[in-house]
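Presented below is the structure to which this report refers.
Predicted, not measured: the structure shown is a model, and the values here were computed from it.
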Amino acid sequence: MPDRGAAGTEVLPLAPELLLRAYAAGLFPMADSREATELRWIDPPLRGVFSLNDFHISRSLARRIRSGRFRVTADRAFAAVMEGCAGREETWINDQIMSVYGALHRAGHAHSIEVWEGEMLVGGVYGVTLGAAFFGESMFSRRTDASKIALAYLVDRLRAGGYVLFDTQFLTPHLASLGAIEIPRATYLKQLHAAIRKDASFEAPGDIPAPEVLLSRQAQ
């Protein structure tokens with residue numbers, strides 16, 4: 001596998017409290033596969049981040065959001081979103097990660113946005129919250145643009161809830177097309193330490209906004 005800036009391995013059970021301390025220090029864990037028994041601590045020299053005011057919704061994505069084809073929820077199917085993210089040929093999400101992030105979700109420190117087509121879960125994104133920082137972990141899509149729709153609603157919720165940092169870990173072409181950028185580790189750590197000292201709430205916005213409300217807020 002490519003070097004992801006590993007800072008070490010963890011073979012003992014990973015407790016939620018240790019995981020939150022790692023995030024506060026700029027680290028996050030990954031496994032080499034679903035079957036792997038060890039976790040690697042990752043500390044990339046360049047960090048992907050979204051500016052919450054610069055998220056880009058293209059015309060085609062806006063049309064898909066307006067279509068009424070999809071229904072969006074928050075924190076209704078966290079475990080299913082994780083399974084969707086892990087359900088690819090190569091994954092860094094093993095059973096230990098599934099377990100500890102499930103515990104974080106039950107403790108109110110991990111959240112998901114779900115995209116439904118009828119009663120079928122077709123996309124989603126999940127991540128960890130600490131102070132006013134959101135650490136995006138993974139997303140998946142079973143329909144065209146479903147993960148982009150999840151991200152659009154996630155960014156709206158983070159903005160409404162008072163978050164100031166959206167960490168995407170790595171920068172991919174998919175994320176770059178939506179406005180994500182890379183920043184050096186030192187810059188990231190400065191932003192991180194400021195963000196975790198602030199208060200924010202993932203639940204504060206309440207109900208999922210209607211498509212036109214989402215798009216009008218995004219345009220502001």
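- A side-chain donor-acceptor contact under 3.5 Å links R157 to the backbone of G206.
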Could you please spell out the steps behind the side-chain contact (heavy atoms from CB on, under 4.5 Å) verdict for V155 and Y163? CA-CA 9 Å; V155 167; Y163 288 85; over 6 Å; no
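- Checking side-chain atoms of S177 against main-chain N and O of H174 turns up a donor-acceptor pair under 3.5 Å.
- Among pairs with a residue in residues 201-220, those fulfilling ring pair (Phe, Tyr, Trp, His ring centres under 6.0 Å) read H111-F202, at least two apart in sequence or across chains.
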How far apart are the C-alpha atoms of L165 and Y188, what are their side-chain angles, what is the distance that settles it, and do they pass the side-chain contact (heavy atoms from CB on, under 4.5 Å) test?
-> CA-CA 9 Å; L165 176 64; Y188 169 76; 4.1 Å; yes
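- Nearest heavy-atom pair, R76 versus E114, reported as atom, atom and distance to 0.1 Å: N-OE2, 3.0 Å.
- The heavy-atom pair separating L121 from V81 by the smallest distance is CD2-N, 4.0 Å.
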*Begin with the C-alpha distance, continue with both residues' side-chain angles, and end with the deciding distance and a verdict on salt bridge (charged side-chain N to carboxylate O under 4.0 Å, His left out) for E117 and R143.*
CA-CA 9 Å; E117 185 177 42; R143 296 290 186 273; 2.7 Å; yes
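- No more than 12 heavy atoms of other residues, nucleotides or ligands lie within 6.0 Å of CG in D207, so this atom counts as exposed by the packing criterion.
- Here Y153 contributes atom OH and I113 contributes atom CD1; the two are 10.0 Å apart, rounded to the nearest 0.5 Å.
- For the residue pair V164 and A195, the shortest heavy atom distance occurs at CG2-CB, 3.6 Å.
- Between the CD1 atom in I196 and the CZ atom in F135 there is a gap of 7.0 Å [rounded to 0.5 Å].
- The distance from the CD atom of E137 to the CG atom of D167 is 8.5 Å, given to the nearest 0.5 Å.
- Hydrophobic clustering (side-chain heavy atoms under 4.5 Å, transitive across Ile, Leu, Val, Met, Phe, Trp, Tyr) groups L27 together with L18.
- Under the 4.5 Å side-chain heavy-atom criterion for Ile, Leu, Val, Met, Phe, Trp and Tyr, M98 and F140 are members of the same hydrophobic cluster.
- At least one donor-acceptor pair under 3.5 Å links the side chain of R71 to the backbone N or O of G118.
- I183 and F50 fall into different hydrophobic clusters, where Ile, Leu, Val, Met, Phe, Trp and Tyr side chains are chained together by heavy-atom contacts under 4.5 Å.
- Nearest approach of P205 to G161, heavy atoms of both residues: CG-N, 4.0 Å.
- Cluster annotation: I149 is connected to M120 through the hydrophobic network of ILVMFWY side chains, with a link wherever side-chain heavy atoms come within less than 4.5 Å.
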Can I65 and L214 be said to form a side-chain contact (heavy atoms from CB on, under 4.5 Å), step by step? CA-CA 9 Å; I65 291 172; L214 171 79; 4.1 Å; yes
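- Looking only at distances, a side-chain donor or acceptor of Q218 sits under 3.5 Å from a matching main-chain atom of F55.
- Side-chain contact between I57 and L178 is absent, with no heavy atoms from C-beta onward closer than 4.5 Å.
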(Q) Please evaluate residues V72 and W116 with respect to the criterion side-chain contact (heavy atoms from CB on, under 4.5 Å), reporting the C-alpha separation (whole Å), side-chain torsions for both, the decisive distance (0.1 Å), and the verdict. (A) CA-CA 6 Å; V72 180; W116 307 83; over 6 Å; no
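- Contact check for R217 versus P209: side-chain heavy atoms found under the 4.5 Å cut-off.
- Within the 4.5 Å cutoff, side-chain heavy atoms of L151 are placed close to those of L175.
- Linking Ile, Leu, Val, Met, Phe, Trp and Tyr residues whenever their side-chain heavy atoms come within less than 4.5 Å leaves V213 and L158 in two separate clusters.
- Here the side chain of H109 pairs no donor or acceptor atom with the backbone of V128 at under 3.5 angstrom.
- The CG atom of D32 sits 4.5 Å away from atom CZ of R40, with the distance rounded to the nearest 0.5 Å.
- The side-chain heavy atoms of I93 and C85, taken from C-beta on, include a pair separated by under 4.5 Å.
- Within the 4.5 Å cutoff, no side-chain heavy atoms of M139 are placed close to those of L154.
- When side chains are defined from C-beta on, P29 counts as touching L19, because their heavy atoms get closer than 4.5 Å.
- Two rings, from Y126 and F78, have their centers less than 6.0 Å apart.
- A distance of 11.0 Å separates OG in S33 from CD in E38, rounded to the nearest 0.5 Å.
- Side-chain contact between V49 and T168 is absent, with no heavy-atom pair separated by less than 4.5 Å.
- Judged purely by atom type and a 3.5 angstrom limit, N94 uses its side chain to pair as donor or acceptor with the backbone of I97.
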Discussion item. Using the rule given for salt bridge (charged side-chain N to carboxylate O under 4.0 Å, His left out), can you reason through E83 versus R142, listing the C-alpha separation, both sets of side-chain angles and the distance that settles it, and then say yes or no?
Written reply: CA-CA 13 Å; E83 286 289 355; R142 295 178 181 140; over 6 Å; no
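- Taking both residues in full, the closest heavy atoms of G26 and L189 are given as CA-CD2, 4.1 Å, listed atom of the first, atom of the second, then distance.
- Put simply, CE on M30 and CD on Q169 are 6.5 Å apart, with the number rounded to the nearest 0.5 Å.
- R66 contributes no side-chain N or O that, together with a main-chain N or O of E212, makes up a donor-acceptor pair within less than 3.5 Å.
- Judged by distance alone, with hydrogens and angles left aside, the side-chain atoms of R64 form no donor-acceptor pair with the main-chain N or O of S60 at under 3.5 Å.
- For the residue pair S138 and R88, the shortest heavy atom distance occurs at OG-NH1, 3.6 Å.
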